[in-house]
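The structure under discussion appears below in the form of structure tokens.
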Amino acid sequence: PGRSASEQARFCSGLAIGQFLIFIPAVLIIAWVGLVLNWNGAANGSGLAYAIAISLLGVILREFFRSYFFLRLRPAAVLFLDIVFVALLFGGLWAAVQMKFASINIAALVVLGFASMIVGLASVFMARDELSVKLADIPPALKETWQQGRWALGGVTVTWLQDQSYIYLLSAMVSTAETAEASAARLFLAPLTLLSVGFSRVLMPRWAYMAHEGKHQELIDMANRVKWILVSMV
């Protein structure tokens, strides 16, 4: 919030391009793994690797611009793009089921990737007048983001382990059927998780602007209201 509009555009553009310079080699490595698995006769494993490679860049592009539009205080744009995404996703999944793909999990990943890429490209079109592409802006944007982002990376990793490790622990201790039953029970908390993430995605950029404007008490009051809404739902 403390930067001019042109500085914000340069930072976001540098970050958008910079992350693809990081992830494109990762996609190539995953595709190479798929080739190796295919050579060794692991057709299902190679298909899964190809599906991940296809879907990764599209998902990253869509998620980046969701965050970008929230940052620009344009939640209506995110809502519109999410509706389009859900329509494409469900349409693609319906088509995959009707075509009776043998590996529906792989088909689902490919559909996810293509739906994400279409919405991501639409997002680029919508933001085309706001962003400026200069290669010189990439290193500073990545460097600045990494200063705080490395802590977020650790936090995300720990959170993922907390959320997912029970699957592997239960599978090792009991049967997969009981693991599935435990996973189904967690669905009761799924709406709360979605709301928690939704609140943070929408409000965090707004709180950043409020902090920049010195509205600290208003920020704290709003955060407390959100907290008690979520606690009451639990």
Side-chain angles (χ1 to χ4, degrees), residues 16 19-20 22-70 76-127 156 159-160 163-168 170-171 175-198 201:
Q19 68 172 354
F20 277 96
I22 294 171
F23 282 108
I24 285 175
V27 167
L28 294 176
I29 291 172
I30 294 170
W32 176 78
V33 170
L35 281 173
V36 172
L37 290 171
N38 191 43
W39 290 335
N40 288 277
N44 194 55
S46 66
L48 185 59
Y50 292 145
I52 293 172
I54 291 171
S55 64
L56 185 59
L57 293 182
V59 170
I60 290 169
L61 184 64
R62 184 178 71 88
E63 285 297 326
F64 178 86
F65 275 97
R66 290 184 84 248
S67 297
Y68 173 78
F69 286 128
F70 279 131
V78 180
L79 179 61
F80 168 74
L81 292 167
D82 280 356
I83 290 172
V84 174
F85 171 72
V86 169
L88 291 171
L89 185 65
F90 275 83
L93 290 175
W94 179 84
V97 171
Q98 295 302 311
M99 295 171 69
K100 298 181 179 179
F101 277 96
S103 301
I104 194 67
N105 58 325
I106 294 175
L109 278 174
V110 173
V111 168
L112 173 68
F114 277 111
S116 297
M117 183 59 72
I118 292 170
V119 172
L121 293 175
S123 302
V124 173
F125 180 78
M126 290 171 62
V156 167
T159 301
W160 184 85
D163 289 343
Q164 304 299 327
S165 59
Y166 85 96
I167 296 175
Y168 304 103
L170 276 178
S171 298
S175 69
T176 53
E178 289 163 310
T179 304
E181 186 176 344
S183 298
R186 278 168 57 98
L187 287 175
F188 286 106
L189 287 176
L192 178 66
T193 303
L194 289 172
L195 275 177
S196 178
V197 174
R201 293 293 291 272

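Nothing here was measured: the structure is a model prediction, and the numbers come from that model. We count residues from 1, following the sequence as given.
- Here the closest non-hydrogen pair linking A31 and Y50 is O-CE2, 3.6 Å.
- Considering every non-hydrogen atom in both F23 and L57, the closest pair reads CB-CD2, 4.1 Å.
- The two atoms that bring A49 and I30 nearest to each other are O-CG2, 3.2 Å, heavy atoms only.
- More than 12 heavy atoms of other residues, nucleotides or ligands shown are found within 6.0 angstrom of CZ on F64.
- In this structure, A51 and L109 approach most closely via the heavy-atom pair CB-CB, 3.8 Å.
- The CE atom of M99 sits 10.5 Å away from atom CH2 of W94, with the distance rounded to the nearest 0.5 Å.
- Of all non-hydrogen atoms in A96 and I104, the two that sit nearest each other are CB-CD1, 4.0 Å.
- The aromatic rings of F65 and Y68 lie perpendicular to each other, with more than 60° between the two planes, well past the 30° mark.
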Can you check side chain to side chain contact (heavy atoms under 4.5 Å, CB included) on M117 and I54, steps first, answer last?
-> CA-CA 10 Å; M117 183 59 72; I54 291 171; over 6 Å; no
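- The CG atom of L88 sits 10.5 Å away from atom CG of L81, with the distance rounded to the nearest 0.5 Å.
- Around CD of E63, the count of heavy atoms belonging to other residues, nucleotides or ligands within 6.0 Å exceeds 12.
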Check the pair V84 / I118 against side chain to side chain contact (heavy atoms under 4.5 Å, CB included), numbers first and verdict last.
-> CA-CA 9 Å; V84 174; I118 292 170; 5.7 Å; no
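- Between V111 and F90 the shortest side-chain heavy-atom distance does not fall below 4.5 Å.
- The closest donor-acceptor contact from the side chain of S196 to the backbone of L192 lies at 3.5 Å or more, if one exists at all.
- Across every non-hydrogen atom of L61 and L121, the tightest pair is CD2-N, 3.8 Å.
- With a 6.0 Å radius and a threshold of 12 heavy atoms from other residues, nucleotides or ligands, F114 has its CZ atom at or below the threshold.
- Distance check, rounded to the nearest 0.5 Å: OG of S55 to CD1 of I106 gives 11.5 Å.
- Taking CZ of F20 as the start and CD1 of I22 as the end, the distance is 11.0 Å to the nearest 0.5 Å.
- Atom CD1 in I24 sits 10.0 Å away from atom CG in L56 (nearest 0.5 Å).
- Note that the CD atom of E181 and the OG1 atom of T179 stand 10.0 Å from one another [nearest 0.5 Å].
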